[in-house]
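No hydrogens, no waters, no symmetry mates; every other heavy atom, side chains included, goes into these values. Worth saying up front: this structure is predicted, and the values here are computed from it rather than measured.
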Amino acid sequence: MNIKKQQELDKRYARMALIWAENSYCTRRKVGALVVKDRMIISDGYNGTPTGFENICEDDNNTSKPYVLHAEANAITKLAKSANSSDGATLYVTASPCIECAKLIIQAGIKRVVYTEKYRLTDGIDLLERAGITVDYLDLNE
């Protein structure tokens with residue numbers, strides 16, 4: 001696929017991840033993720049509490065509860081319930097992955113990560129790059 005076509009697809013999937021983030025009940029930050037393989041969305045996720053828990057992500061001090069799942073973790077673990085494989089896929093996520101999610105991304109065989117918001121910590125991005133995963137920042141305002 002040519003570069004221009006890939007850039008157009010990247011922007012579309014990134015905007016879709018942004019829309020998917022709106023499903024989150026978290027008030028501090030809403031994050032969305034899509035796993036795409038062979039130009040098909042094979043999984044999606046947004047940050048929130050585990051299935052069956054109350055949809056309240058923050059405590060009384062507005063701190064995220066320790067059991068809140070990140071969007072990437074939700075998208076990757078959702079694949080475990082499906083017949084799809086993330087091996088060789090691309091992950092589109094609205095915030096740069098943390099180090100815990102980076103470990104899941106590596107183990108899931110995802111080969112490319114596209115993110116649209118930079119975070120102050122870069123340890124997740126650094127680990128992904130160390131693992132040979134292509135990491136692309138995409139500014140949707142350009």
Side-chain angles (χ1 to χ4, degrees), residues 1 3 5-142:
M1 179 181 324
I3 293 169
K5 179 71 173 170
Q6 185 61 59
Q7 289 172 334
E8 288 174 19
L9 284 173
D10 285 348
K11 286 182 181 176
R12 284 188 196 123
Y13 287 127
R15 286 193 307 264
M16 290 171 76
L18 210 64
I19 290 167
W20 201 244
E22 295 173 15
N23 288 316
S24 174
Y25 287 91
C26 298
T27 55
R28 287 180 57 222
R29 177 182 234 184
K30 296 178 184 297
V31 180
L34 296 177
V35 181
V36 177
K37 186 173 178 181
D38 301 324
R39 295 173 62 176
M40 289 184 295
I41 297 168
I42 60 169
S43 190
D44 54 62
Y46 50 88
N47 57 325
T49 57
T51 304
F53 281 63
E54 74 290 348
N55 287 320
I56 301 168
C57 299
E58 294 85 12
D59 62 20
D60 293 336
N61 298 319
N62 201 33
T63 302
S64 289
K65 294 179 180 176
Y67 52 85
V68 168
L69 290 155
H70 289 186
E72 306 94 314
N74 268 325
I76 291 168
T77 55
K78 196 175 191 178
L79 281 165
K81 290 183 175 180
S82 76
N84 290 314
S85 167
S86 54
D87 199 36
T90 297
L91 172 75
Y92 293 88
V93 62
T94 60
S96 61
C98 70
I99 196 155
E100 292 301 317
C101 288
K103 291 188 275 187
L104 292 174
I105 292 164
I106 293 164
Q107 290 301 95
I110 292 169
K111 295 302 177 203
R112 183 169 177 247
V113 174
V114 178
Y115 68 101
T116 59
E117 183 185 328
K118 293 180 180 178
Y119 187 61
R120 61 183 167 80
L121 299 176
T122 62
D123 51 355
I125 298 294
D126 297 341
L127 185 64
L128 291 171
E129 290 174 343
R130 181 175 167 197
I133 294 171
T134 302
V135 180
D136 294 317
Y137 168 70
L138 179 62
D139 187 347
L140 288 176
N141 297 317
E142 286 185 349

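- The distance from atom CD1 of Ile110 to atom CG of Leu128, rounded to the nearest 0.5 Å, is 9.0 Å.
- Judged as a ring-ring contact (aromatic ring centres under 6.0 Å, His included), the pairs with a partner in residues 56-90 (not counting sequence neighbours) are, in order, Phe53-Tyr67.
- Contact check for Ile125 versus Pro97: side-chain heavy atoms found under the 4.5 Å cut-off.
- Checking side-chain atoms of Thr94 against main-chain N and O of Gly32 turns up a donor-acceptor pair under 3.5 Å.
- Atom SG of Cys101 and atom CG of Leu69 lie 8.5 Å apart (nearest 0.5 Å).
- Sorted by first and then second residue, the salt bridge (charged side-chain N to carboxylate O under 4.0 Å, His left out) pairs with a member in residues 56-71 read Glu54-Lys65; sequence neighbours excluded.
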- request: Could you walk me through whether Glu117 and Ser96 pass side-chain contact (heavy atoms from CB on, under 4.5 Å), step by step?
  value: CA-CA 6 Å; Glu117 183 185 328; Ser96 61; over 6 Å; no
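- Within the structure, the salt bridge (charged side-chain N to carboxylate O under 4.0 Å, His left out) test picks out the following pairs touching residues 124-142 (sequence neighbours left out): Arg112-Asp136.
- Residues satisfying the disulfide (SG to SG under 2.5 Å) criterion with Cys26, sequence neighbours excluded, are Cys57.
- Interatomic distance, CG of Leu121 versus SG of Cys98, reported as 9.5 Å (0.5 Å rounding).
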- prompt: When you look at Thr90 and Val35, which way does the side-chain contact (heavy atoms from CB on, under 4.5 Å) test go after all the steps?
  reply: CA-CA 6 Å; Thr90 297; Val35 181; over 6 Å; no
- prompt: Checking side-chain contact (heavy atoms from CB on, under 4.5 Å) for the pair Asn74/Lys78: CA distance, chi angles, key distance, verdict?
  reply: CA-CA 6 Å; Asn74 268 325; Lys78 196 175 191 178; over 6 Å; no
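- Between the side chain of Ser24 and the backbone N or O of Asn47, at least one donor-acceptor pair lies under 3.5 Å.
- In this structure, Ile41 CD1 and Leu34 CG are separated by 5.0 Å, a value rounded to the nearest 0.5 Å.
- Under the ring-ring contact (aromatic ring centres under 6.0 Å, His included) criterion, the residue pairs touching residues 84-116 are Tyr13-Tyr92, Tyr115-Tyr137, with sequence neighbours excluded.
- Closest approach of Ile42 to Ser86, counting heavy atoms only: CD1-CA, 4.2 Å.
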Intermediate values then yes/no, side-chain contact (heavy atoms from CB on, under 4.5 Å), Ile105 and Leu91: CA-CA 8 Å; Ile105 292 164; Leu91 172 75; 3.5 Å; yes
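- Sorted by first and then second residue, the salt bridge (charged side-chain N to carboxylate O under 4.0 Å, His left out) pairs with a member in residues 82-102 read Glu100-Lys103; sequence neighbours excluded.
- With hydrogens and angles ignored, the 3.5 Å screen pairs no side-chain donor or acceptor of Lys30 with any backbone N or O of Asn23.
- Once rounded to the nearest 0.5 Å, the distance linking CD1 of Ile133 with CG of Leu127 reads 8.0 Å.
- Heavy-atom contacts from other residues, nucleotides or ligands closer than 6.0 Å to NZ of Lys37 number more than 12.
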